[in-house]
Amino acid sequence: MRLAFFNGPVQNSDFTFADKPGKAVGIRAAAALNALLGEPAVPHLWNTVTLEGDLRHRMDPAAGADRHQHEQARIRAKYPESVLPATGVLTDADPAVAGLAHDMIRERLEAGVLSVEETATVVCSSCAHMAGIGSLACKACGSTDLAKRLAPQLTAHNAGAPVLGPDDVHGRRLAHLENIARNVPDQLILSRTRAHGISLAPFGLTETVLDPRAALHIAVLAAAGQHGAERALMLTTETAAAHVAAYGLPFRTHGGIRLGYAVHGKVPYGDPLLGRLYEVHRLGDAQRTLFESWFLPLYALRERGGIHPGKLPALVKFFRKISLAPSGPKTEGRAGDVRRAVRGGDMGWLMDAPTVTHLLPAFPGRDATGRRR
C-alpha cells in the first residue's frame, strides 16, 4: 500500500513563514517523511475558506474582485522571496478539490450518510451570517440582533461510530484524543455562510459553502489522488485533530484512498534559548536550517504533546554530533528499517546517532553520503 504524508492545510491568515516558522511544521515534516519513504514531494495545502478571509477581502480596497487570485497572492507572500514550492500549492477551494467534494457529497447523499434537511440555526438578522449557538454578536458584522431560523442545511448524523478510532491515528494510540473528539452533537451542520469556498448550490443550498473543517479533508484526498497514494496521512496537532475530526468523518475515504492523522507537537522555534545554543555549539547557517526544517519537525512526531524548551539543549547537542560525524557503510542497511518504522508510526530511530547520521540530508560542508568534506 502506497503511503504519503500531507500537511494539514495551513490557514491563510496574517503571517509569513519567516515570522511564524511554527506554521510550517506540518509542511516540513511531510517533506522529510516522504523523502525518507522514497516518495516524491507533495504540494503544500492551504485553508482559505475562513470568515477572517471574507472580512479581510471585503475591507481591503486593493483586493480586487477575484478572491481566488487574492488568496493566491497572500499565500505567495508567505514564502521567502514570494517563490512558491516547486510542487505547487493546493487550497481547499481549488477547482480540483471542489469537483471532488461535489462528487463525494452526491454519493453520500444517495447513500444516506449526509442529508439536506430543515435545521434550526442562529442567524444574524442584519447580514444573514450563521452564528454559533451561544454567540452574543455576529462575527461578520458585529450585530447583536441574532435569531433562530429554520432553513435547509447539509447535515451529518452521528450513527454511533467513534469519531476517531485506533486506525485513524498513525502510530501509538492516543486514547485521550479519541475521548475529546467524541464530544460532538448528534447532528453536525456542514453548510456555512461564506463568500468563498466549495459552493453547495448544486444541492439546493444557495449562498452557502461546505464547512472548511470538512473541506480540509477533501483537499488532502485530492492531493493524495494526484500523488497516487492509497493511504494519506494528514499532519496535525492534537488540538486541530480534535477540532476537525468529526467534520471529516464522512470524508475520509474515496476511490480506494483512506485518510488518517499523523499527530505532531508544536516546536518552540521562538524560544530565545535556541539562538544561544547555536552560538555555544557553533552551528553554521546551513546546519541551523537543517536542524529547524528537518530534525525538529521529525522530533515533533515523537513528542506529540509538544517539544518542551528544556529539551532544546540536548537536541542541539545531539544534532551537532550527528551533523559532524562520518556515515559508515554499516549504517546503510538501516534505511529500510527506518522506512518500516515510519510506515508504522514509530519515530524511535530518530535518536539513534549512526542511523540519523546516514539519513541526514546533505548541506554545505557535508556531502550527500553524510561525510564531512
Side-chain angles (χ1 to χ4, degrees), residues 9 47-55 57-58 67 92-93 95 97-164 180-219 221-222 242-254 259:
N47 167 21
T48 62
V49 183
T50 64
L51 177 58
E52 179 188 358
D54 282 2
L55 298 176
H57 187 260
R58 184 194 309 167
R67 175 69 177 274
D92 52 350
V97 179
L100 177 59
H102 289 159
D103 290 344
M104 294 180 72
I105 293 170
R106 193 170 294 109
E107 290 172 3
R108 283 147 180 77
L109 286 170
E110 292 174 357
V113 175
L114 303 178
S115 60
V116 175
E117 55 187 333
E118 292 281 326
T119 306
T121 59
V122 177
V123 178
C124 176
S125 300
S126 298
C127 70
H129 177 76
M130 289 169 60
I133 300 295
S135 296
L136 299 177
C138 175
K139 292 182 179 179
C141 71
S143 172
T144 57
D145 188 7
L146 307 180
K148 280 190 176 181
R149 290 184 186 171
L150 275 174
Q153 304 289 347
L154 180 67
T155 64
H157 287 271
N158 186 347
V163 172
L164 279 178
I180 296 170
R182 72 162 58 108
N183 294 318
V184 294
D186 290 336
Q187 182 195 52
L188 284 181
I189 299 173
L190 299 177
S191 39
R192 288 289 180 271
T193 46
R194 294 281 190 278
H196 177 72
I198 298 170
S199 173
L200 296 178
F203 310 102
L205 303 173
T206 57
E207 299 183 356
T208 64
V209 303
L210 182 64
D211 189 296
R213 288 166 289 189
L216 301 180
H217 294 77
I218 299 173
L221 288 176
H243 184 61
V244 305
Y247 293 84
L249 186 56
F251 304 104
R252 289 192 206 146
T253 58
H254 181 75
L259 185 152

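All figures in this text were calculated on a predicted structure; none of them were measured in a lab.
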> Rounded at 0.5 Å granularity, tell me how far CZ in R213 sits from OH in Y247.
3.5 Å
> Show the nearest heavy-atom pair for residues H196 and A93, with the distance to one decimal.
NE2-CB, 3.5 Å
> Would you please indicate if the ring centroids of H102 and F203 are separated by under 6.0 Å?
yes
> I'd like to know whether H217 forms a side chain to side chain contact (heavy atoms under 4.5 Å, CB included) with V244, so could you lay out the CA-CA distance, the side-chain angles of the two residues, the decisive distance to 0.1 Å, and finally the verdict.
CA-CA 9 Å; H217 294 77; V244 305; 3.8 Å; yes
> Let's go through H157 and V113 carefully: what are the C-alpha distance in whole Å and the side-chain angles of both, what is the deciding distance for side chain to side chain contact (heavy atoms under 4.5 Å, CB included) to 0.1 Å, and is it a yes or a no?
CA-CA 8 Å; H157 287 271; V113 175; over 6 Å; no
> For R67 versus D54, what's the shortest heavy-atom pair and its separation?
NH1-OD1, 2.8 Å
> Check salt bridge (Lys or Arg N to Asp or Glu O under 4.0 Å) between R192 and all other residues, then give those that pass, not counting sequence neighbours.
D211
> How many angstroms lie between OG1 in T253 and CG in L259, if you round to the nearest 0.5 Å?
9.5 Å
> Is any side-chain heavy atom of I198 less than 4.5 Å from a side-chain heavy atom of V97?
yes
> Would you give the length of the straight line joining atom OG1 of T119 to atom CG of L188, rounded to the nearest 0.5 angstrom?
11.0 Å
> Where the side chain of R252 meets the backbone of A245, is there a donor-acceptor pair that is under 3.5 Å apart?
yes
> Can you confirm whether L100 sits close enough to M104 that some side-chain heavy atom of one is under 4.5 Å from a side-chain heavy atom of the other?
yes
> Under 3.5 Å, which donor-acceptor pairs do the side chains of residues 139-150 form with other protein atoms, sequence neighbours left out?
from : atom 1 : to   : atom 2 : distance (Å)
S143 : OG     : S126 : OG     : 3.1
S143 : OG     : D145 : N      : 3.0

> Just by distance, do the side chain of D92 and the backbone of L216 share a donor-acceptor pair under 3.5 Å?
no
> Under the 3.5 angstrom rule, does the side chain of T193 hit a backbone N or O of M130 as a donor-acceptor pair?
yes
> Between Q187 and E117, is there a side-chain donor-acceptor contact under 3.5 Å, judged purely by atom types and distance?
yes
> If you measure from CD1 on I180 to CG on L164, what distance do you get to the nearest 0.5 Å?
10.0 Å
> Of the non-hydrogen atoms in L210 and A101, which two are nearest, and what is the gap between them?
CD2-CB, 4.4 Å
> Is N47 reaching over with its side chain to a backbone N or O of V49, donor-acceptor style, under 3.5 angstrom?
yes
> Do you know the tightest heavy-atom contact between A246 and V184?
CB-CG1, 3.5 Å
> Can you tell me how far CG of L200 sits from CD1 of I105, rounded to the nearest 0.5 angstrom?
5.5 Å
> Which atom names give the shortest non-hydrogen contact between L190 and A156, and what distance separates them?
CD1-CB, 4.0 Å
> Measuring from atom CG of L51 to atom SG of C138, what distance do you get when rounded to the nearest 0.5 angstrom?
7.5 Å
> Please give me the minimum heavy-atom distance between P152 and V116, naming the atom from each residue.
CB-CG1, 4.1 Å
